[in-house]
Amino acid sequence: MKRLVSGLQPTGSLHLGNYIGAIAQFVELQHQYDSFFFVADYHSLTGRPTKKELTASTYHVLAMLIACGVDPRSATVFVQSQVPEHTELSWIFSNFCSVGQLKRMTQYKEKSDQYGQNVGLFTYPVLMAADVALYQAEVVPVGDDQIQHLELAREIIRSVNAHAGNVFTEPKPLLTKGSRIMSLSDPTKKMSKSLAGSAIGLLDDEATIIRNIKRAVTDSDPNSAKPSKALQNLFTILEVVAGPEAVKDMEAMRKDGKLRYSELKELLIEETLHFLEPIQKTYSSLIKDPKALELMALNGSRRARTIAQENLSIAKKALGLVG
Ligand code: TYM
């Protein structure tokens, strides 16, 4: 079985962008690949969360993965910091990556304005390369914003392979058509937790969902020849929460010049609430039992670690490290 690896940062609550760009693919592909999903807690440290925030968000991501349909009996679900080989390989990889390559990362440019230029933020993509190489991942399902990081991961791996023999597999990103869900409040930016009114949180309550969808920017005539970016974004979300038929109906109305944003929004609200209800229900029972989540992560981390240790040891030998 080919191997699949992907991670999510535990920073705040997950939103529909995370679901559509990443988690929905995890659920769909988990039985076709030997799948590894992890909580990227070391990555989150770059934003210096408080102890309480980091711990709560880690449990949140674990519970949400399961609530959304990841099956821990077939996929390996784990926490990055429980597998120290990630950081060890990251050190090795940092010698195969230049300062210039890291300076080109757009997320570094954006985030360093917010958090200051800490070294962790700068070398973040090196750790990400280690995350996937450690398991010899062939495919990495992610949203569009991670493509540049994965391109760099491929370059680092190529460089290590050229130096030490073919040690690591070059991973390929997997994208869906919802790989870049845009903000509801500003369709020129991607949906994110940090922009107010931007995201539909997977745990949002009814009133918040109604308010944010009602306020969603819809910047042009709904029946214009080509759907605007904002409209296309609402269609993409609708397709995930209600299925392709719902979008076909809306498209047909648009062609007939009969589409009204208010109707589209009403439908989107109704379908989003309907879609999130079972996820929220399962989540709320899982989050009440942190011991069970801990045990699941511990089991996953154990399995992940066995493979990580094997691959790291091969790499160390190939590089001439004695030990
Ligand atoms: P993170 O935690 O920011 O996001 C988790 C996943 O959600 C996707 N995503 C989106 N997809 C579509 N539309 C959006 N608006 C949207 N916002 C977020 C992200 O692309 C991602 O797939 N660096 C990664 C975590 C990571 C990782 C890895 C991923 C660490 N190591 C190794 C894959 C492989 C991150 O910060 O994702």
Side-chain angles (χ1 to χ4, degrees), residues 3-26 29 35-47 49 54 57-58 60-61 64-65 68 70 78-81 83 86-87 89-90 93 105-108 110-111 114-115 120-121 123-154 156-157 171-195 198-202 229 232-233 236-237 240 304 308:
R3 191 158 286 150
L4 176 155
V5 174
S6 196
L8 301 143
Q9 281 196 63
T11 36
S13 282
L14 295 168
H15 53 73
L16 265 181
N18 298 124
Y19 178 83
I20 298 172
I23 303 172
Q25 296 201 73
F26 300 176
L29 301 171
S35 300
F36 288 71
F37 304 119
F38 66 95
V39 184
D41 54 350
Y42 272 148
H43 280 96
S44 269
L45 273 185
T46 55
L54 183 55
S57 296
T58 299
H60 169 76
V61 175
M64 199 45 99
L65 280 172
C68 288
V70 167
F78 69 100
V79 175
Q80 185 185 32
S81 64
V83 185
H86 285 247
T87 46
L89 186 61
S90 177
F93 276 10
M105 295 296 110
T106 47
Q107 271 206 358
Y108 173 68
E110 283 165 19
K111 289 197 176 170
Q114 202 180 334
Y115 301 119
L121 201 57
T123 57
Y124 179 113
V126 181
L127 179 57
M128 201 168 143
D131 294 339
V132 293
L134 200 49
Y135 303 95
Q136 305 287 11
E138 290 187 55
V139 293
V140 184
V142 280
D144 171 82
D145 60 342
Q146 298 303 318
I147 291 298
Q148 198 188 26
H149 291 157
L150 278 176
E151 262 315 310
L152 181 55
R154 288 163 63 88
I156 294 172
I157 289 169
K172 285 192 196 70
L174 278 185
L175 292 176
T176 60
K177 73 174 179 190
S179 67
R180 194 171 181 80
I181 298 298
M182 306 313 281
S183 156
L184 296 181
S185 51
D186 178 356
T188 64
K189 300 205 168 88
K190 68 167 188 160
M191 181 178 280
S192 100
K193 301 151 198 165
S194 47
L195 292 168
S198 152
I200 301 175
L202 297 178
K229 263 200 166 164
Q232 198 51 61
N233 192 46
T236 307
I237 298 173
V240 172

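Start at 1 and go down the list; that is how both ligands and their atoms are numbered. Nothing here was measured: the structure is a model prediction, and the numbers come from that model.
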Handout entry: Flag, side chain of Thr236 to backbone of Gly178, donor-acceptor distance under 3.5 Å
Key = no
Practice task
Just jot down the side-chain hydrogen bond (donor to acceptor under 3.5 Å, both in side chains) partners of Gln80, sequence neighbours excluded, or say none.
Solution key: His43, Asp131
Problem - Set of salt bridge (Lys or Arg N to Asp or Glu O under 4.0 Å) partners for Arg154, sequence neighbours left out - result: Glu151, Glu170
Practice task
Would you mind listing every salt bridge (Lys or Arg N to Asp or Glu O under 4.0 Å) that reaches into residues 139-148, with sequence neighbours excluded?
Solution key: Asp144-Arg180, Asp145-Lys190
Fill in the blank from the handout: Ordered by chain then number, the protein residues lying under 4.0 Å from ligand 1 by heavy atom are Ser6, Gly7, Leu8, Gln9, His15, Gly17, Asn18, Gly21, Ala22, Phe38, Ala40, His43, Tyr124, Met128, Asp131, Val132, Val140, Val142, Gly143, Asp145, Gln146, Gly178, Ser179, Arg180, Ile181, Lys190, Met191
Exercise for the section: Please test Ser13 against His60 for side-chain contact (heavy atoms from CB on, under 4.5 Å), starting from the C-alpha separation and ending with a verdict. Expected result: CA-CA 7 Å; Ser13 282; His60 169 76; 3.9 Å; yes
Exercise for the section: For residues His86 and Tyr135, establish whether the separation of their ring centroids is below 6.0 Å. Expected result: yes
